[in-house]
Amino acid sequence: MIMKSSVPVVALIALVVSRVQTFVSVGGSRNTHVNITGNAVMEKIREVCEAVAESEGRDFKPTGSSAEELLRACLGTATGEVSGAKFRTALNQIYMQNGFVDRDFMSSAPHHFNNEAFNEGRNLIIQGTAAIKANVRTDNLQSARETLGRVCHTLQDFYSHSNWVELGNKSPYANLIRPDLNIEKIADITMPTCSDCASGTCPNQLLPAILNGKYLTSGYMGLFSSDKPQGKCSHGGETDLSSSQNPRGGISKDEPRSHNTDQHNNAVNLAAEATLELLEDIRGAIGNKDYLRLMGIARSAVLVFVIDTTGSMTDDIAEAKRVAFNIIDSKKGTQDEPSEYILVPFNDPEFGPLIRTTDSDVMKSEISKIKADGGGDTPEMCLSGLQLALTGAPSSSFIYVFTDAPPKDTHLEKTINALIRSTKSTVSFFMTASRRRRRTLKASSQFQVYYDMALASGGQAIEVSKSSLSQATDIIVDTSTSALVTILQRSRDPGLVESFPFLLDKSVSNTTIYITGSSLTFNLRSPTGVTQSNTVDNGPLGTIQKVGNLQRIQLNGTEMGLWHIDMTTTQPYTIKVMGQSAITFIYDFVEEFKGPHPGFAAIDGRPSAGSPAKLLLTLTGEKGPEALELQEVALMEVSGVKVSNGTIEKMDGGDYFITVKEVPEGEFVVLLKGKDKTSSSLYQRQTTTQMSQSEVIIKAIADSSMLPGEVFKINFTVTTTGTSGAYTIRARNDKNIPMTHPSILNLVSGGSAQGTVSLTPPGNTVSGTDVTLTIEAEGPGGSDSNYAVLRLSVLSKVTDFSPPKCEIVGVQGTCYSSSCSSSNWELSVNITDGNGTGIESISIQQGSGDFTQREVEDGVIVFMGLYEASCCSPSVILSAVDKVGNVGRCSYTMKSSAGSRLISMSLPLWASLLLYGFLRDAFPL
């Protein structure tokens, strides 16, 4: 562990590319895994953004140093709002898992390179890196980010816990991330490594034989026992029991102390450089654009449709197609253009598959293939399709379900609710029953599950006739935009005569109000006192569109200040106010963990009842969080009136630690208010995903990948402070992988019980497949429950560890310093993978030229390549990737010259001339 993990792991640290390690956590300032990782991540993002901008022939000039300004510059010049929420969420997925290593694997020597577990630690890095590359190839980006966070932690610990620094090394140990190289010269278990240090603060305890012989060693950590092999170094510190046994002391460089300040700083620098090298390896394997997607650099809008394809859905399918085509065509080239399209059909008994693409033409093609057919009995497999969408879509997605039938698979209801809370996604239902059935939609208990899920996620449950569906789907166009924020959401059942205030700030545009319910009456009131009733379709404040049980109000403008919706009805209703703005926030409920490196970890499930709720919250805005002031954070009941204010503790980088002592007993959301310093206007934002506390806690840990055809076991623990008795256990995964688990665990109040889930992925499972496992525990009588959601990966065993070979065989061109635009240059390369798995791709990692290639077979497959570029783009890096993600590179920089030249590298001049002639014939200009 490089420095304490006592910082909140959700923090984004200092979003600058300097190597200064200064993150102030709750309780002090330390170098941490999180900010070492964060600084390396941001530095590499900036580098890749510059390379992409160069290849597209545009400038890359962030207007400031904030993450949001970097994001906007990276996304280009397309019009529209840009939100930093998706970017920050993606980065936090990396940082949180980085911090989890100290909580979930505190006693695992390989995860921290303790106890001389070098080969085992390196295997975690190599296997994890292979999983990241495979996950990206199958578009499972969240799994890749989480694995990256854990791998970075282990890689960085090598420099803090081993004697690599003491051996005088000035650069990272490449063998840790190179699968074709082994760890060298590990001290034998019988070899003494340290001298005794009674004070515990000796500047160098390592024995001369270790230093002179360049042997690798690391400290032994004794969390539960003081035993260690004779003569071995200890890790050191108060929690290391072995440090009291001869040889006493410790060689850890986790914290700067008077005896190791220089070594600590060297360890930090090497850990940072090693992290950059790891990121560069991943970048080379997946390419620049997928690397940026991995890091959350993408437009924030995602279009997700879950469509009933049974026989009665012809009109609905046609409307879904129309809306999708409209969004694709009207928003192309803007920041509102979706970055990803997801389509999940369902029928009975079939559902799926999930179709996911970043290509709008593919989405058009796939949705055009859907036909209405089959079904028969009324209930359909709606929740099974929705489960695929929730596990396959990015977090915080807007998901739209089209159906005219209740769900047959109601056994998935609790799983769906767990996934909604875990992903923070919003689900809206378009229910198009026949006229006879529409009268009883809301009254039918079969349809009630749709209303409950919409409310729980912050979505809408819209009842509409098939003939009027086209009017209701305007809501999809509204929400398929970038920088979407929720300003207010409330629900009343039964209805109440009540006034709902909400703030609109200067940054908000395209404000839209959605009110659902039957026979509703209300008035809208502006900050200056202008009013408009629901009976006026086109009034001074906005345009009201009525269809089915939905009333959609588009404001004519965004007048800053305090608005009111005055409801004057006793019928049930829901209210939602949305708009576009760069000002928003992300959050996680967290808990504190103890151990050698204590810290905070995001809660996977509902927060624990009977104690204050703690949140880590990050603000984001157009100019970054420093331009925003946070004034109030509260937990608020959507369906009730209780509002519980929290105490706010400001940290660095736009992060806040929130404590709420009196938590609402029922379902609640997070409400915040503050001030935009750039416009001096007050803002209000609200989450949509409802949360509640539980007396049941589930903990489950999975670090490694599953192998196709082999049993994979996950242990979990259920704890309760509630009712004693038999707790029902349910486990489900979204890929229908065969699995077993206990159906019952017996618990007493204050106690816990363990169980195991065993999964066996089929032997033909594609490497990189992402599996979402949901484990649920329900107390006696169903009065209380909780869940854990784990993302697992299936990874085929890798046997090819050698990277492709990229060899420069010729350079041709004349470049003049006075006028680069009038001259060109060319680079000839020879690329082969020998007896490996074969070349998967060859790409330009840096440079704005063109690359052409030709495959030749002469015993082995060789790719002859020609790179051509303007002298204004004098540098190039080519990446060759094999089928398992090993990367080979060629790089070259053309220097300005007064005359022409032909340069031969790695081959005799005559061979280069012959090859160059062949390439000119193969790739004529």
Side-chain angles (χ1 to χ4, degrees), residues 93-94 96-98 100-101 103-105 108 111 123-151 153-154 294 352-354 356 387-395 412 415-416 418-419 421-423 601-602 604-605 698-717 729-742 754-777 787-798 885:
Q93 289 168 352
I94 299 171
M96 279 188 274
Q97 289 294 324
N98 191 310
F100 282 1
V101 175
R103 182 193 68 176
D104 297 340
F105 304 100
S108 169
H111 282 86
N123 287 341
L124 289 175
I125 295 170
I126 297 299
Q127 292 169 9
T129 304
I132 293 165
K133 296 172 182 178
N135 282 144
V136 175
R137 285 198 298 272
T138 53
D139 217 25
N140 298 313
L141 300 182
Q142 183 171 342
S143 290
R145 293 173 192 133
E146 292 176 354
T147 304
L148 176 59
R150 295 191 294 269
V151 168
H153 188 116
T154 298
L294 174 64
L354 180 141
R356 177 169 47 199
Q387 180 185 18
L388 286 180
L390 283 164
T391 58
S395 60
L412 290 174
T415 300
I416 297 298
L419 291 171
R421 283 172 162 157
S422 176
T423 63
D604 185 20
I698 301 180
K699 297 291 185 185
I701 300 171
D703 181 47
S704 59
S705 300
M706 297 185 285
L707 286 170
E710 296 190 11
V711 177
F712 182 80
K713 295 185 177 182
I714 298 174
N715 298 320
F716 65 93
T717 302
I729 305 299
R730 304 183 189 91
R732 296 187 174 90
N733 71 82
D734 63 334
K735 299 298 187 292
N736 289 324
I737 291 176
M739 61 183 183
T740 61
H741 61 85
Q754 285 77 41
T756 301
V757 177
S758 298
L759 302 95
T760 309
N764 61 352
T765 305
V766 175
S767 186
T769 296
D770 179 59
V771 180
T772 300
L773 172 66
T774 306
I775 306 173
E776 305 159 35
Y787 62 89
V789 177
L790 294 90
R791 287 188 175 267
L792 312 171
S793 295
V794 181
L795 185 66
S796 300
K797 190 170 292 185
V798 177

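Residue numbers count from 1 along this sequence. Please read these numbers as outputs of a predicted model, since none were measured by experiment.
No donor-acceptor pair under 3.5 Å is formed between the side chain of Ser793 and the backbone N or O of Gly768. Panel note: side chain Thr154, backbone Val151; no donor-acceptor pair is recorded below 3.5 Å. With hydrogens and angles ignored, the 3.5 Å screen pairs no side-chain donor or acceptor of Arg730 with any backbone N or O of Thr774. The closest donor-acceptor contact from the side chain of Asp734 to the backbone of Leu388 lies at 3.5 Å or more, if one exists at all.
When every heavy atom of Met96 is checked against every heavy atom of Ala602, the shortest pair comes out as SD-CB, 3.4 Å. The two residues Ser758 and Val711 make their nearest non-hydrogen contact at CB-CG1, 4.1 Å. The two atoms that bring Leu795 and Ala131 nearest to each other are CD2-N, 3.8 Å, heavy atoms only. Closest of all the heavy-atom pairs between Lys133 and Gly885 is NZ-O, 2.8 Å. Here the closest heavy-atom approach between residue Pro761 and residue Leu707 is recorded as CG-O, 3.4 Å. Heavy-atom minimum distance, Ala418 versus Tyr787: CB-CG, 3.4 Å.
Counting only heavy atoms from C-beta outward, the side chains of Phe712 and Val794 never approach each other to under 4.5 Å. The shortest side-chain heavy-atom distance between Arg356 and Asn140 falls under the 4.5 Å cut-off. When side chains are defined from C-beta on, Ile729 counts as touching Phe716, because their heavy atoms get closer than 4.5 Å. Contact annotation: the side chain of Leu792 approaches that of Ile714 to within less than 4.5 Å [non-hydrogen atoms, C-beta and beyond]. Counting heavy atoms from C-beta on, the side chains of Asn715 and Ile701 never come closer than 4.5 Å.
Annotation: the span from Leu759 atom CG to Thr740 atom OG1 amounts to 8.0 Å, rounded to 0.5 Å. Separation of atoms NE2 (His741) and CZ (Arg732) is listed at 7.5 Å; rounding is to 0.5 Å. Here the CD1-OG1 distance, from Ile737 to Thr769, works out to 7.5 Å after rounding to the nearest 0.5 Å. One finds the CG atom of Leu354 at 11.5 Å from the CD atom of Gln387 (value rounded to the nearest 0.5 Å). Note that CD of Gln93 is 10.0 Å distant from CG of Leu294, once rounded to the nearest 0.5 Å. How far CZ of Arg145 is from CD of Gln97: 12.0 Å, rounded to the nearest 0.5 Å.
Checking Asp770, Thr772, Val771 one by one against Ser143, the side-chain contact (heavy atoms from CB on, under 4.5 Å) holds for a single residue, Asp770.
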Tell me, with the steps shown, if Val789 and Asp604 meet side chain to side chain contact (heavy atoms under 4.5 Å, CB included). CA-CA 7 Å; Val789 177; Asp604 185 20; 4.1 Å; yes
Test log, rule side chain to side chain contact (heavy atoms under 4.5 Å, CB included), inputs Met706 and Thr765: CA-CA 10 Å; Met706 297 185 285; Thr765 305; over 6 Å; no
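With 3.5 Å as the limit, one finds a donor-acceptor pair spanning the side chains of Glu776 and Thr415. Glu146 and Gln142 share a donor-acceptor pair across their side chains, judged by distance under 3.5 Å alone.
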